[in-house]
Novice: 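Please see the structure below; I have some questions.
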Number of protein chains: 4
Amino acid sequence: MSPRSMSKDEKRAEILDAAIRVFARTGFHATKIEDVAREARVAKGTIYLYFDRREDILDAAFVRFADGVLTQMRAIAKAREPALSRLRSIVEAMLAGAQSGPDLARLVFDFWAARRIGGSGERPGTPVDFAGIYVEYRQLIGSLLEQAKDEGAVRADVPEDTPAVIVGLVEGLLLQCLVDPGALTPSRMAEPALAVILDGLAPGAPH
Amino acid sequence: MSPRSMSKDEKRAEILDAAIRVFARTGFHATKIEDVAREARVAKGTIYLYFDRREDILDAAFVRFADGVLTQMRAIAKAREPALSRLRSIVEAMLAGAQSGPDLARLVFDFWAARRIGGSGERPGTPVDFAGIYVEYRQLIGSLLEQAKDEGAVRADVPEDTPAVIVGLVEGLLLQCLVDPGALTPSRMAEPALAVILDGLAPGAPH
Amino acid sequence: MSPRSMSKDEKRAEILDAAIRVFARTGFHATKIEDVAREARVAKGTIYLYFDRREDILDAAFVRFADGVLTQMRAIAKAREPALSRLRSIVEAMLAGAQSGPDLARLVFDFWAARRIGGSGERPGTPVDFAGIYVEYRQLIGSLLEQAKDEGAVRADVPEDTPAVIVGLVEGLLLQCLVDPGALTPSRMAEPALAVILDGLAPGAPH
Amino acid sequence: MSPRSMSKDEKRAEILDAAIRVFARTGFHATKIEDVAREARVAKGTIYLYFDRREDILDAAFVRFADGVLTQMRAIAKAREPALSRLRSIVEAMLAGAQSGPDLARLVFDFWAARRIGGSGERPGTPVDFAGIYVEYRQLIGSLLEQAKDEGAVRADVPEDTPAVIVGLVEGLLLQCLVDPGALTPSRMAEPALAVILDGLAPGAPH
DNA sequence: TATGAATGAGCTTTCATTCAT
DNA sequence: AATGAATGAAAGCTCATTCAT
């Protein structure tokens with residue numbers, strides 16, 4: 001399976017991918033190192049050649065996930081289109097991403113719970129800059145809003161904290177879809193979400 | 001301490017309150033039965049006279065928490081005020097609630113992670129109707145929107161899934177605050193949140 | 001076997017005794033918690049109700065062993081006899097003690113090796129005052145030497161560090177017996193040991 | 001680093017030296033093959049080209065250490081001096097040796113503990129003739145005592161087991177110094193040790 | 001010869017759950 | 001009803017040893 005010529009980084013990535021698959025399927029908390037090893041087709045001990053502790057795998061998985069989202073967002077943000085159009089695309093892309101891999105989105109909750117994000121208890125280990133990732137999400141949205149303002153596509157008095165509202169709206173919507181996949185699907189939510197966001201930002205009369 | 005005359009239900013509630021305090025402080029995953037017992041001033045074995053399994057305590061805790069929110073929402077929804085004003089109050093109340101007890105909000109993540117909400121894996125035990133709770137959230141909002149429509153306070157073409165967008169927006173915003181408490185606080189977010197929600201729903205030009 | 005009425009301390013002592021038996025038989029390093037549990041007729045987990053860590057058992061075992069020796073020494077030192085005679089008795093008693101339980105004496109090496117006595121590496125956990133025990137050994141001998149001097153039974157110019165020499169001699173002799181039980185037995189060594197010690201201390205012509 | 005022309009034995013010796021350094025520093029029990037490899041500047045697997053099992057390294061280390069001591073003792077024993085003087089030199093040399101490398105002396109405990117010297121449990125592998133080494137120690141001392149007797153430098157009725165007493169005294173003294181390096185140093189112990197040994201053996205009145 | 005990635009048996013430790021009192 | 005000592009399954013992690021290159 002794994003060629004002997006594989007570099008240390010590649011092997012690590014391979015194990016990480018396996019771990020993400022299992023976490024998504026079983027949940028981090030219920031996933032044993034043994035499970036990750038089996039999925040990655042290696043022995044238990046091998047895992048520890050690439051990760052110091054079980055929790056580090058979760059951290060790495062989250063970072064890989066978040067990086068993917070950020071990369072996609074940055075690409076869209078750089079497109080040659082009106083800012084408002086790019087904002088719309090970003091919202092659609094995030095919802096579409098969750099559509100294709102809902103289990104992966106779940107990983108975020110596991111991460112929150114395991115890492116006690118927002119809790120008063122502290123956890124050992126090198127912390128993942130969770131907040132920093134959201135700061136960048138918001139900055140990206142904020143920068144688009146500024147451009148849209150300059151382009152006259154958005155009201156001039158948009159409150160400062162609006163990026164957080166938009167990011168929250170998208171993430172919260174994903175939660176809803178995760179909780180009640182029967183009633184709600186991400187793709188179907190794009191239109192009403194944008195209706196709320198954009199019409200609220202429109203300079204003149206909506207639509 | 002606990003009077004001999006206490007009923008089984010009262011005692012159970014007392015233990016549950018203790019558990020919620022510890023879960024909020026320490027996180028469910030890191031909370032041992034022993035910790036709950038200590039907080040409730042009973043012996044470890046006593047817990048098992050009121051709950052069959054450890055996870056049942058988390059379920060019960062979540063239900064009690066969600067019931068509290070719903071009760072509050074229902075009360076506001078019944079007030080003698082314009083529907084739009086009640087909608088605004090609900091949003092403000094939810095954000096204010098998180099403001100006063102951020103640790104309690106964290107319980108929701110623990111619940112998701114432990115109960116594998118939205119995941120493909122199944123968990124044993126009597127399931128809590130997680131989705132149902134959100135259905136009721138959305139119905140409450142949806143009903144207010146209908147009334148607001150009738151009152152002419154809201155555009156007639158508000159998309160059907162808008163309640164999910166609003167609930168998501170509030171929950172997502174809470175997540176943001178939890179993740180980055182330094183930069184964001186729930187109370188400060190009420191105004192920009194309502195700016196996005198309400199102006200987006202307004203019939204004519206915003207404001 | 002173990003009556004339910006046993007106090008926590010008694011139970012701890014019982015486990016400790018079992019542990020000492022196994023350590024003596026198998027060596028600390030090769031002894032698994034499981035082995036101790038089996039010898040003590042309890043489950044593995046029970047051990048941890050009385051000792052926090054595996055190493056703590058060794059510490060406690062050593063302390064119990066050393067306390068026994070010290071108690072015996074103190075008792076002899078208080079006897080109503082000439083000081084020199086009591087010194088002789090102490091040497092004989094220590095050698096006789098090792099005679100009856102050579103395996104127990106081995107425990108000391110395990111302790112040294114595990115606790116890295118005298119080494120540059122540090123170990124975690126509450127340290128056992130190893131040096132302090134030997135300080136007391138030496139003080140006891142030293143005090144007897146002083147009395148013997150006053151009684152004129154010993155030369156006046158005995159060097160200050162002589163107690164260390166005597167303690168060392170006895171312990172070192174025990175090592176020899178441990179290493180080569182075929183050729184040497186503690187009981188047989190008492191006479192030559194005393195011949196070296198006492199005649200060396202005699203004021204006039206030896207014997 | 002290591003020249004290609006190095007013989008198998010030389011390489012083995014080089015690894016052994018590295019191992020002794022690490023054992024002395026860290027203790028055998030806490031030393032991993034990896035540590036030895038790093039110190040010897042070879043890969044882990046290379047160790048196994050020269051030693052079959054981890055314990056064999058300890059055995060070899062001990063033998064090399066003991067051989068060094070014996071060689072030194074033999075050299076002194078052959079000197080052209082009165083036997084008593086040579087005995088004195090040997091005692092001084094052993095104490096001085098420990099003075100220069102206390103960590104190395106610790107190796108002996110590790111060896112005892114790991115090899116279960118004196119214990120009832122048996123260990124696999126080719127055993128090191130631990131007892132034999134001490135036999136030779138004692139024979140060397142015994143032979144010197146005989147010569148001293150012939151030279152009239154020592155009482156005629158020295159008990160047969162006196163060599164064991166002397167060897168034990170020196171070793172035991174070293175233990176004391178190891179245990180309580182603050183209070184005792186080997187070099188300072190030479191004089192009181194010899195006072196006990198020699199004056200005890202003197203034919204007429206001491207000094 | 002030398003390497004070092006891979007292995008997996010085996011250990012310590014934890015803790016939900018039970019049950020005799 | 002209440003207790004808390006006892007249990008033992010279960011899991012994370014280590015590291016001596018192997019072996020393909």
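Keep in mind that what you see is a predicted model, and the values were worked out from it rather than measured. Residue numbers begin at 1 in each chain, while the letters A, B, ... track the order of the sequences.
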Novice: Wobble G-U and Watson-Crick pairs count when both distances are under 3.5 Å; given that, what is the 5' to 3' dot-bracket string of DNA chain E, with | for pairing to other strands?
Specialist: .||||||||||||||||||||

Novice: Of the listed nucleotides (F:dA1, F:dT17, E:dT13), which one gets closest to any side-chain atom of B:Lys8?
Specialist: F:dA1

Novice: From CG of D:Asp56 over to P of F:dT17, roughly how many Å is that when rounded to an integer?
Specialist: 9 Å

Novice: Figure out the CZ/C1' separation between A:Phe51 and F:dG12, and round it to whole Å.
Specialist: 16 Å

Novice: Among E:dA6, F:dA2, F:dA6, find the nucleotide with the atom closest to the side chain of C:Leu49.
Specialist: F:dA6

Novice: How many whole angstroms separate atom CD1 of B:Ile47 from atom P of E:dC15?
Specialist: 16 Å

Novice: Which nucleotide, E:dT3, E:dG8, E:dT13, lies nearest any side-chain atom of A:Ala43?
Specialist: E:dG8

Novice: From CG of D:Leu58 over to P of F:dA16, roughly how many Å is that when rounded to an integer?
Specialist: 13 Å

Novice: Closer to the 5' end of DNA chain E via nearest nucleotide, is it B:Glu34 or D:Lys44?
Specialist: D:Lys44

Novice: Which of these nucleotides, F:dA5, F:dC13, E:dT12, is closest to any side-chain atom of A:Arg54?
Specialist: F:dC13

Novice: In terms of side-chain heavy atoms of C:Tyr50, which of F:dG12, F:dA6, E:dA2 is nearest?
Specialist: F:dA6

Novice: Could you work out which one of E:dA6, E:dT13, E:dT17 sits closest to the side chain of A:Thr46?
Specialist: E:dA6

Novice: For the CG atom of D:Leu58 and the CZ atom of D:Phe65, what is their distance to the nearest 0.5 Å?
Specialist: 12.0 Å

Novice: If the condition is side chain to side chain contact (heavy atoms under 4.5 Å, CB included), which residues does D:Arg64 pass it with, not counting sequence neighbours?
Specialist: D:Ala13, D:Leu16, D:Asp17, D:Ile20

Novice: Only one of C:Phe130, C:Phe28, C:Phe23 clears ring pair (Phe, Tyr, Trp, His ring centres under 6.0 Å) with C:Phe62; which?
Specialist: C:Phe130

Novice: Would you kindly give the CZ-to-C1' distance between D:Arg41 and E:dG4, to the nearest whole Å?
Specialist: 17 Å

